[in-house]
Amino acid sequence: MKRAFITGITGQDGSYLAELLLSKNYEVHGLIRRASTFNTHRIDHLFVDPHANDVRFFLHYGDLSDSSQLTHLIYNIKPDEIYHLGAQSHVRVSFDTSEYTGDITGLGTVRMLEAIRHSGIRTRFYQASSSEMFGATPPPHNEQTAFYPRSPYAAAKVYAYWCTVNYREGYNLFACNGILFNHESPRRGETFVTRKITRAIAHIKAGRQMKLYLGNLSARRDWGFAPEYVECQWKILQQDQPDDFVIGTGESHTVQEFVEAAFGYANLDWKEHVEIDPRYYRPTETDALQADISKARRVLQWTPRFTFHDLVKIMVDADLGLQGVASPGAGNHILREKGLQWTQNQLTTG
């Protein structure tokens with residue numbers, strides 16, 4: 001039985017990755033931060049009483065700012081694979097908390113790499129890199145494209161990316177970067193623009209909200225379905241040699257296109273509900289991101305199955321369901337066609 005350690009396990013990607021690895025008969029360990037309120041809602045359905053038999057899911061308290069605890073956990077867990085997903089990951093917030101973002105998103109990765117190096121264990125390390133690293137560089141973007149970060153978050157991710165490469169080359173670690181473009185789902189955090197849009201639609205349909213305030217509608221992003229992307233994270237660590245990969249759909253859409261598609265699907269006129277608030281503009285903007293996934297297709301044998309419009313419908317249906325509002329149902333139908341279903345914030349086969 002393989003053993004995996006996931007930082008950021010309570011996040012969108014961490015929860016899907018934990019589900020995937022458990023389905024592959026892994027023993028899964030996750031890092032969580034102590035909080036006065038419960039912050040494990042995305043993984044509560046995976047929890048098993050530690051006193052039961054055949055427990056394969058374990059949570060450990062720690063923080064990416066605490067190098068000694070990271071070293072202690074890695075040495076004692078001795079994972080075959082480490083998926084480093086934890087970070088301060090909100091781009092706009094990184095402008096307000098730049099020092100904290102640099103510490104957790106940037107130095108947090110170095111602490112993980114140092115913990116591996118000093119523990120002496122042989123493990124495979126996945127670093128969650130970001131398309132935001134490309135920033136102002138014109139699309140399309142592949143593994144050879146130059147980085148031009150346009151936020152403290154992106155700059156921290158560039159630092160983490162090159163440290164991962166450096167430890168791979170300097171210490172012979174099996175360390176890989178997955179440069180993932182925007183990937184969304186009904187588990188996306190509610191302050192991220194896609195979920196902010198679909199959640200607002202559900203509230204409007206339920207009569208609980210009238211206006212949605214957004215920033216730059218012309219920003220272009222390559223949006224995909226998060227559960228597919230965590231499969232790539234796993235595939236990257238199954239290769240014979242450590243390497244870096246760009247993961248996306250190869251399509252680019254504006255925020256306004258997402259708004260139009262989501263409101264249109266819910267039979268609403270977005271112009272009656274959407275207002276622009278300058279507070280949501282970033283000091284420096286990343287205008288356009290679009291992935292060139294030629295290498296992932298060739299080496300990982302991976303091609304995305306869900307389209308941009310599939311994603312929009314799935315997210316709108318899920319948020320309408322959470323508000324007890326009848327949905328058009330096309331998103332749920334798309335999932336069923338692909339052997340999946342979404343119920344109560346859980347994505348299951350069947």
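When every heavy atom of Ala262 is checked against every heavy atom of Ile197, the shortest pair comes out as CB-CG2, 4.0 Å. The shortest non-hydrogen separation linking Ser218 to Thr254 is O-CG2, 3.8 Å. Residue Ala219 comes nearest to Thr286 through the heavy atom pair CB-O, 4.2 Å, listed as atom of the first residue, atom of the second, then distance. Of all the heavy atoms in Ala35 and Asn39, the pair that sits closest is CB-ND2, 4.0 Å. Between Ala4 and Tyr83 the shortest heavy-atom distance is CB-CE1, 4.2 Å. Nearest heavy-atom pair, Thr284 versus Ser151, reported as atom, atom and distance to 0.1 Å: OG1-N, 4.4 Å.
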Step-by-step side chain to side chain contact (heavy atoms under 4.5 Å, CB included) determination, Leu268 to Lys205: CA-CA 9 Å; Leu268 292 170; Lys205 296 287 282 189; 3.8 Å; yes

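Listed by chain and residue number, Pro79, Ile82, Ile116, Ile121 satisfy the side-chain contact (heavy atoms from CB on, under 4.5 Å) test with Thr123 (two or more places apart in sequence, or in another chain). Asp287 pairs by the side chain to side chain donor-acceptor pair (under 3.5 Å) definition with nothing, not counting sequence neighbours. Residues satisfying the side chain to side chain donor-acceptor pair (under 3.5 Å) criterion with Gln88, sequence neighbours excluded, are Thr101. Under the salt bridge (charged side-chain N to carboxylate O under 4.0 Å, His left out) criterion, Asp240 pairs with no residue at all, not counting sequence neighbours. The side chain to side chain donor-acceptor pair (under 3.5 Å) search around Arg187 returns Ser15, Glu19, not counting sequence neighbours. In terms of the side-chain contact (heavy atoms from CB on, under 4.5 Å) criterion, residue partners of Ala226 (sequence neighbours excluded) are, by chain and number, Gln12, Asp13, Tyr16, His183, Ser185. Take Lys295 and apply the side-chain contact (heavy atoms from CB on, under 4.5 Å) test, not counting sequence neighbours, and it matches Glu143, Asp243, Phe245, Arg298, Val299. In this structure Asp310 satisfies the side chain to side chain donor-acceptor pair (under 3.5 Å) test together with Thr307, sequence neighbours excluded.
A distance of 11.5 Å separates CG of Leu17 from CD1 of Ile43, quoted to the nearest 0.5 Å. For the atom pair NZ of Lys338 and CZ of Phe306, the computed distance is 5.0 Å after rounding to the nearest 0.5 Å. In this structure, CD1 on Ile74 lies 13.0 Å from CZ on Arg117, to the nearest 0.5 angstrom. Here CD1 of Ile9 is found 11.5 Å from CZ of Phe58. Values are rounded to the nearest 0.5 Å. The CD1 atom of Ile104 lies 8.5 Å from the CG atom of Leu107; values are rounded to the nearest 0.5 Å. Taking CG from Leu73 and OG from Ser119, the interatomic distance works out to 11.0 Å, rounded to the nearest 0.5 Å.
At least one donor-acceptor pair closer than 3.5 Å links the side chain of Gln69 to the backbone N or O of Tyr61. No donor-acceptor pair under 3.5 Å is formed between the side chain of Asp66 and the backbone N or O of Gly62. Side-chain atoms of Asp317 never come within 3.5 Å of backbone atoms of Ser327 as a donor-acceptor pair (strictly under, hydrogens ignored). Within the 3.5 Å criterion, the main-chain N or O of Leu335 finds no donor-acceptor partner in the side chain of Asn332. In terms of modelled atom types and a separation under 3.5 Å, the side chain of Ser94 and the main chain of Tyr153 share a donor-acceptor contact. Put simply, the side chain of Arg282 never gets that close to the backbone of Arg92: no donor and acceptor are under 3.5 Å apart. Counting only distance, with no hydrogens or angles, the side chain of Thr7 and the backbone of Leu85 share a donor-acceptor pair below 3.5 Å.
In Glu99, the CD atom is not crowded: 12 or fewer heavy atoms of neighbouring residues, nucleotides or ligands sit closer than 6.0 Å. When the shell of 6.0 Å around NE2 of His333 is examined, it contains 12 or fewer heavy atoms from other residues, nucleotides or ligands. With a 6.0 Å radius and a threshold of 12 heavy atoms from other residues, nucleotides or ligands, Asp269 has its CG atom above the threshold. For Gln238, the CD atom counts as densely surrounded, since its 6.0 Å shell holds more than 12 non-hydrogen atoms of other residues, nucleotides or ligands. Atom CD of Glu275 sits in a crowded spot, with more than 12 heavy atoms from other residues, nucleotides or ligands closer than 6.0 Å.
Listed by first and then second residue, the ring pair (Phe, Tyr, Trp, His ring centres under 6.0 Å) pairs involving residues 250-296 are Trp223-Phe258, His253-Phe308, Phe258-Phe308 (not counting sequence neighbours). Evaluation of the salt bridge (Lys or Arg N to Asp or Glu O under 4.0 Å) test over residues 26-38, restricted to residues two or more places apart or in two chains, returns Arg3-Glu27.
For the pair Arg305/Phe225, no side-chain contact is recorded, criterion being any heavy-atom separation below 4.5 Å from C-beta on. Side-chain contact between Pro186 and Met315: present, with at least one pair of heavy atoms (C-beta onward) separated by less than 4.5 Å. Between Lys313 and Val316, every side-chain heavy-atom pair lies at or beyond the 4.5 Å cut-off. The shortest side-chain heavy-atom distance between Phe181 and Thr249 does not fall under the 4.5 Å cut-off. By the 4.5 Å heavy-atom criterion applied to side chains, Glu231 and Glu228 are not counted as neighbours. Looking only at side-chain heavy atoms (C-beta outward), Arg220 and Gln290 stay at 4.5 Å or farther from each other. In this structure the side chain of His118 never reaches within 4.5 angstrom of the side chain of Tyr75, judged on heavy atoms. The closest side-chain heavy-atom distance from Ser89 to Thr105 is not below 4.5 Å.
The residues Arg195 and Asp319 are annotated as salt-bridged, a charged nitrogen and a carboxylate oxygen being separated by less than 4.0 angstrom. Salt bridge annotation for Arg111-Glu114: absent, with no cationic side-chain nitrogen under 4.0 angstrom from a carboxylate oxygen. The pair Glu132-Arg221 counts as a salt bridge, with a side-chain nitrogen and a carboxylate oxygen less than 4.0 angstrom apart.
Val28 and Leu347 fall within the same hydrophobic cluster, where Ile, Leu, Val, Met, Phe, Trp and Tyr residues are linked whenever their side-chain heavy atoms come under 4.5 Å apart, directly or through other members. In this structure, Leu59 is a member of the same hydrophobic cluster as Leu21, with clusters built from ILVMFWY side-chain heavy atoms closer than 4.5 Å. Transitive grouping of hydrophobic side chains (ILVMFWY, heavy atoms separated by less than 4.5 Å) brings Leu20 and Ile247 into a common cluster. Linking ILVMFWY residues whenever their side-chain heavy atoms come closer than 4.5 Å, directly or via other members, places Tyr100 and Val110 in the same cluster. Val91 and Met133 fall into different hydrophobic clusters, where Ile, Leu, Val, Met, Phe, Trp and Tyr side chains are chained together by heavy-atom contacts under 4.5 Å.
Lys24 forms a cation-pi arrangement with Trp234, by the criterion of a distance under 6.0 Å to the ring centre and an angle within 45° of the ring axis.
Through ILVMFWY side-chain contacts below 4.5 Å, Phe47 is grouped with nothing and stands alone.
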Using atom types as modelled, flag every donor-acceptor pair under 3.5 Å from a side chain in residues 169-180 to any protein atom, sequence neighbours excluded.
| from | atom 1 | to | atom 2 | distance (Å) |
| --- | --- | --- | --- | --- |
| Asn177 | OD1 | Ser129 | OG | 2.8 |
| Asn177 | ND2 | Tyr161 | O | 3.4 |
| Asn177 | ND2 | Asp244 | OD1 | 3.3 |

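Residues Phe134 and Phe147 bring their aromatic ring centres within 6.0 Å.
Of the N and O atoms on the side chains of Gln127 and Thr164, not one donor lies less than 3.5 Å from an acceptor on the other residue.
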